[in-house]
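Each chain gets a letter, A, B and so on, in the order its sequence line appears, and its residues count up from 1. Keep in mind that this is a model prediction, so the values were computed, not measured.
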Number of protein chains: 2
Amino acid sequence: MPRTSDKRDRLLHAADRLVLAQGCKQTTLADIARESGVPLGNVYYYFRTKHDICTAVVDSRIDAMRDVLAACERSPDPRRRLLCFLDYPLGHRQALREHGCPLGSLASELSKSGTLKDQSARLVGLLRNWAQAQFEAMGVADAPALALEYTALLQGTSLLAHTLDDDSVVEPLVSRLRARIEAL
Amino acid sequence: MPRTSDKRDRLLHAADRLVLAQGCKQTTLADIARESGVPLGNVYYYFRTKHDICTAVVDSRIDAMRDVLAACERSPDPRRRLLCFLDYPLGHRQALREHGCPLGSLASELSKSGTLKDQSARLVGLLRNWAQAQFEAMGVADAPALALEYTALLQGTSLLAHTLDDDSVVEPLVSRLRARIEAL
DNA sequence: GTCTATAGAGGGATAGAC
DNA sequence: GTCTATCCCTCTATAGAC
């Protein structure tokens, strides 16, 4: 079971795209095999079970988000880091409308899954913990509550854009959040 | 196909509970039959397809939420109506932790479903439109944006409580929202 | 109206040739 | 390491007796 290889990458990438569009449960191994050009029977050489593929997708989502957060951390000012991250949902509002938040929509599905429920908190917890670290670095009172609010608002924004199928809701919501952080 | 009957009610009620706990896709007709005490083959006398059961669940969720909103509308002051509704997530925070928002979590799943995608906007749109009507009645500027923020924050709150499996996030989030509305 | 039995399709997983 | 063929189970839906 190689941890890295060309075919494994293609399978994982295909799985990630399909899960984003359809969800875990809806995505079949046949879908993933077809989309990645790997024969169905060969999928099991790289991933023992479908469950393993899904956890790999979760891990790759977390890695991707870590990269986005790391880019924001190049600013020395925690307030600017929080503002910097807001460019992400704003710049990806069409993707949010089409597929929802890559962390939140997956977490939401997994939280009802039974076997993958525990993966769900990792996804949303990542953003929440990062935001809390920033608010604490700012030295404001109530950093935990502010981080919750920051995270909840962004998750709610993604959920609305996706379920209402309308990306025009993103800009006003992000603008109001931005203004509130600037006023802190 | 009777629109109302004892067995139909039991089936719908069982479906609603199971969908809340597991989601639509995960819930099987056998689950619903067992849970309601109706034999599997008889389910099809009351609902032609599983798709029909799911839309009936959506309708019943919307009806239930309409009742909650109607109760809030007994107050003549739109600000108090908005505050009144906040008692709902606060009083049901344990249910939110266990199952997520009955509107939002279902809408989130259906938005990736293909055949039921269109039902998704009805669920979340209900709360958004109601909130917007209240803010407009208050005569504040930016009622649409305020309604979006109200809805997004509540949906985000439910998503966090559910995916983090932690109901202690609800109270601080609702409190902050309450304070902001009182300050308007 | 009610229920049993089962058809029929789909999907996860495996055997085993190469 | 790769891939075909297929097993086996689950689930939706129907047929048809009562």
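What separates CD1 of Ile53(B) from P of dC11(D) is a distance of 14 Å, to the nearest Å. The distance from atom CZ of Phe47(B) to atom P of dC11(D) is 20 Å, rounded to the nearest whole Å. At whole-Å resolution of the value, CZ in Arg34(B) and C1' in dC3(C) are 17 Å apart. Atom CG of Asp31(A) is separated from atom P of dG10(C) by 12 Å (rounded to the nearest Å).
With sequence neighbours left out, the ring-ring contact (aromatic ring centres under 6.0 Å, His included) criterion links His99(B) to no other residue. With sequence neighbours excluded, no residue forms a side chain to side chain donor-acceptor pair (under 3.5 Å) with Asp77(A). A search for side chain to side chain donor-acceptor pair (under 3.5 Å) contacts involving Asp31(A) returns Thr28(A), Arg34(A), not counting sequence neighbours. Looking at residues two or more places apart in sequence or on another chain, you find a side chain to side chain donor-acceptor pair (under 3.5 Å) between Gln22(B) and Thr27(B).
Residue Tyr46(A) places at least one side-chain N or O under 4.0 Å from the OP1 or OP2 atom of dT2(D). Residue Tyr45(B) places at least one side-chain N or O closer than 4.0 Å to OP1 or OP2 of dG1(C).
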Hey, what are the protein-to-nucleotides 12-18 of chain D N/O distances that come in under 3.5 Å?
from    : atom 1 : to       : atom 2 : distance (Å)
dT12(D) : OP1    : Lys50(B) : NZ     : 3.0
dT12(D) : OP2    : Leu29(B) : N      : 2.9
dA13(D) : OP2    : Lys50(B) : N      : 2.9
dA13(D) : N7     : Tyr44(B) : OH     : 3.3

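In summary, Glu171(B) and Arg93(B) do not engage in a salt bridge, as defined by a charged side-chain N under 4.0 Å from a carboxylate O. Under a 4.0 Å N-O distance rule, the pair Arg81(A)/Glu73(A) does not qualify as a salt bridge. Comment: Arg97(B) engages Asp165(B) in a salt bridge, judged by a side-chain N to carboxylate O separation of less than 4.0 angstrom.
Residues of residues 11-19 of chain A that place a heavy atom closer than 4.0 Å to DNA chain D do not occur.
There is a side-chain donor-acceptor pair under 3.5 Å between Gln26(A) and Lys25(B).
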